[in-house]
Amino acid sequence: MTDFAVRLLDWFDQQGRKDLPWQQDITPYRVWVSEVMLQQTQVPIVIPYYARFMARFPTINSLAVATEDEVLHEWTGLGYYARARNLHATAKEIMSAFNGDFPDTLEALVSLRGIGRSTAGAIIAICTGERATILDANVKRLLSRCFAIDGLPGSSATERLLWEKAEQLTPAERVSDYTQAIMDLGAMICTRTSPDCAVCPFTEDCIARVTRSINRYPARRPAKSLPVKTTTMLVVQNPEGAVLLQKRPRNGLWGGLWGFPECELNGLEQFLVQHHLSLKQQNHLSGFRHSFTHFHLDIELIQVLVMDAEPCVAEPNSVCWYDPHDPAKIGLTRPVSKIMGELAETTQQTLGIN
DNA sequence: AAGCCGGGGAA
DNA sequence: TTCCCAGGCTT
């Protein structure tokens, strides 16, 4: 065992986290779900989602037989919705192609949708205790500082260096604890801003620390200005107060979720004709900006009150009336969940004036 | 190799 | 505001 691993494990025994929800009653299924939820998502955000998800889908079979709408319903608000679709698809595949038994080799795991090299390594290390390596953002930040790896984040050269170092440091014993330990040190001590070097077991060895250049590691990714896009979303309500939602394409932004219909700037009339709806009243609601990692979306909102009618559409599976008082268990885009919450407070008055 | 995919917390 | 997070997939 490397000196690095010995000291890290010693720190973990005293300071590491042992009470996280997915550290209790460890099964491959529970670890898998947690690892996928934790991709690009921090622990405090995941905890409530994980509790609800495991309550609703306690076994891999319960997940496999669920509808995709309901899986996305439990994922609503968590982001990166391809994770939920891949999770669902992989649950089905494990039930059908693996007899319901979770694969326990790196190769088999990586072949599954939504499981890459790092997530596969985490599952192996935590569930089997076999030697396997992870490389998540915590580990990358820690190794970048300790060993002064300052290449561009995401570049293949940097990735190769980091994987090489991570593999080299991974011990053959206590692999599960080591895996948790290196993530804990990164998340709790070697944080992105103002790391607590005073209590870090590697404070004397960390090259970034010793050379007083912590803020140079990991290297900043080059800033780029985000494009701004605009759209108009329609909050179409029938006399009962139900709201018209459209299912979004499986691929792309908010894939598989249900969102407000969108139209061109003056495309409301065309929209109404298209869906055989007759306008009763329209109001401009205050718009807002929704920001993504790769662009800003400026959203205009038009509340459209219509006569009681079934929307006539080519594909009935892609449109629904969403009743806030009896909400369907489907995945909602952030604008929908946000506006539904706000609408609940004012909809009574709005409908009352008609 | 680079782009795409969310939402929220931190500063 | 900007930056980034228990990454992986697509092009």
Side-chain angles (χ1 to χ4, degrees), chain A residues 16-17 20-23 31-50 72 75-87 89-90 109-123 125-126 133-142 144 151-160 162-163 166 179-188 190-195 215 218-229 248-257 259 289-297 331-338:
Chain A
R17 293 177 290 191
L20 294 170
W22 40 89
Q23 293 178 303
V31 171
W32 170 48
V33 172
S34 75
E35 288 298 329
V36 172
M37 281 193 173
L38 287 160
Q39 288 168 4
Q40 296 291 290
T41 312
Q42 287 158 344
V43 168
I45 304 290
V46 165
I47 285 177
Y49 283 89
Y50 185 78
L72 287 170
W75 211 272
T76 292
L78 199 51
Y80 284 128
Y81 299 96
R83 293 184 295 174
R85 300 196 306 272
N86 288 335
L87 198 74
T90 290
L109 286 172
V110 168
S111 77
L112 298 172
R113 297 181 63 80
I115 300 181
R117 183 174 173 182
S118 186
T119 297
I123 293 173
I126 294 170
T133 301
I134 62 161
L135 185 64
D136 68 354
N138 288 312
V139 180
K140 288 178 181 175
R141 190 173 53 251
L142 183 68
S144 296
L152 265 62
S155 78
S156 57
T158 306
E159 292 292 303
R160 193 170 61 250
L162 289 169
W163 269 110
T179 299
Q180 188 62 47
I182 197 165
M183 287 190 287
D184 283 357
L185 191 62
M188 301 163 65
C190 196
T191 52
R192 184 167 68 91
T193 56
S194 63
N215 47 13
R220 296 276 174 262
R221 62 186 69 251
K224 47 182 176 183
S225 60
L226 301 183
V228 179
K229 304 181 183 181
R248 299 179 60 83
R250 287 181 58 79
N251 299 323
L253 196 66
W254 290 317
L257 302 190
R289 167 170 288 192
H290 189 76
S291 292
F292 300 93
T293 308
H294 47 309
F295 68 94
H296 299 291
L297 184 61
L332 302 177
T333 65
R334 186 68 186 92
V336 171
S337 57
K338 169 184 159 74

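Protein chains get the first letters and strands the later ones, always in sequence-line order, with residue 1 at the start of each.
Following rounding to the nearest Å, Lys140(A) (NZ) and dC5(C) (C1') show an atom-to-atom distance of 11 Å. To the nearest angstrom, C1' of dC3(C) lies 11 Å from CD of Gln42(A). Rounded to a whole Å, the CG atom of Leu226(A) is 8 Å from the P atom of dC3(C). One interatomic measurement links the two molecules: CZ of Arg192(A) to P of dT2(C), which rounds to 14 Å at whole-angstrom precision. Atom P of nucleotide dC4(C) and atom CG of Leu152(A) are separated by 12 Å, given to the nearest angstrom. Protein atom CG of Asn215(A) is 13 Å distant from nucleotide atom P of dC4(C), rounded to whole Å. The CD atom of Glu159(A) sits 12 Å away from the C1' atom of dG8(C) (whole-angstrom rounding). Separating the CD atom of Gln40(A) from the P atom of dC3(C) is a distance of 16 Å, rounded to the nearest angstrom.
The heavy-atom pair separating Val110(A) from Ala120(A) by the smallest distance is CG2-CB, 3.7 Å.
Considering only residues two or more places apart in sequence or on other chains, Arg334(A) meets the salt bridge (charged side-chain N to carboxylate O under 4.0 Å, His left out) condition with none of them. For Arg192(A), there are no side chain to side chain donor-acceptor pair (under 3.5 Å) partners at least two apart in sequence or on another chain. Listed by chain and residue number, Asp184(A) satisfy the salt bridge (charged side-chain N to carboxylate O under 4.0 Å, His left out) test with Arg17(A) (two or more places apart in sequence, or in another chain). Applying the salt bridge (charged side-chain N to carboxylate O under 4.0 Å, His left out) criterion to Lys338(A), with sequence neighbours excluded, gives Glu342(A).
Arg113(A) contributes no side-chain N or O that, together with a main-chain N or O of Ala89(A), makes up a donor-acceptor pair within less than 3.5 Å. Looking at Thr158(A), its side chain never comes within 3.5 Å of a backbone N or O of Gly154(A) through a donor-acceptor pair. Of the possible donor and acceptor atoms, none in the side chain of Arg248(A) sits under 3.5 Å from a partner among the backbone N and O of Gly259(A). Formation of a donor-acceptor pair under 3.5 Å by the Arg289(A) side chain with backbone atoms of His296(A) is not found in this model.
Among the protein residues, Leu257(A) comes within range of no part of the nucleic acid, since none of its heavy atoms lies under 4.0 Å from any strand. At the heavy-atom level, Arg85(A) lies nowhere under 4.0 Å from the strands shown. Within the nucleic acid shown, Ile134(A) has no heavy atom closer than 4.0 Å to any nucleic acid atom. Base contact: Tyr80(A) has a heavy atom under 4.0 Å from a base atom. Heavy atoms of Gly154(A) sit nowhere under 4.0 angstrom from any nucleic acid atom. Among the protein residues, Trp22(A) comes within range of the nucleic acid bases, having at least one heavy atom under 4.0 Å from a base atom. As judged by a 4.0 angstrom heavy-atom cut-off over every strand, Ser156(A) is placed among residues touching the sugar-phosphate backbone only. Nucleic acid contact class of Ala223(A) (heavy atoms, under 4.0 Å, all strands): sugar-phosphate only. Counting non-hydrogen atoms under 4.0 angstrom, Thr119(A) reaches the backbone sugars and phosphates but no base.
For DNA chain B, the span of nucleotides reached by chain A at under 4.0 Å from its heavy atoms goes, 5' to 3', from dA1(B) to dA11(B).
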Are there any protein N/O atoms within less than 3.5 Å of an N/O atom in nucleotides 9-11 of chain C, and if so, which ones and at what distance?
unit_1, atom_1, unit_2, atom_2, d
dC9(C), OP1, Gly114(A), N, 2.8

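When each of Ala157(A) and Thr333(A) is assigned the nucleotide of DNA chain B with its nearest heavy atom, Ala157(A) is the one assigned upstream, toward the 5' end.
The phosphate of dG7(C) (OP1 or OP2) has no side-chain N or O of Arg117(A) nearer than 4.0 angstrom.
Annotation: dT11(C) and dG6(B) have their P atoms spaced 15 Å apart (nearest Å). If you take atom P in dC3(C) and the same atom in dG3(B), they sit 16 Å apart, rounded to whole Å.
The aromatic rings of Trp22(A) and Tyr50(A) stand perpendicular to each other, their planes meeting at an angle above 60°, with 30° marking the opposite boundary.
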- request: Step by step, work out the side chain to side chain contact (heavy atoms under 4.5 Å, CB included) result for Leu135(A) and Arg117(A).
  value: CA-CA 8 Å; Leu135(A) 185 64; Arg117(A) 183 174 173 182; over 6 Å; no

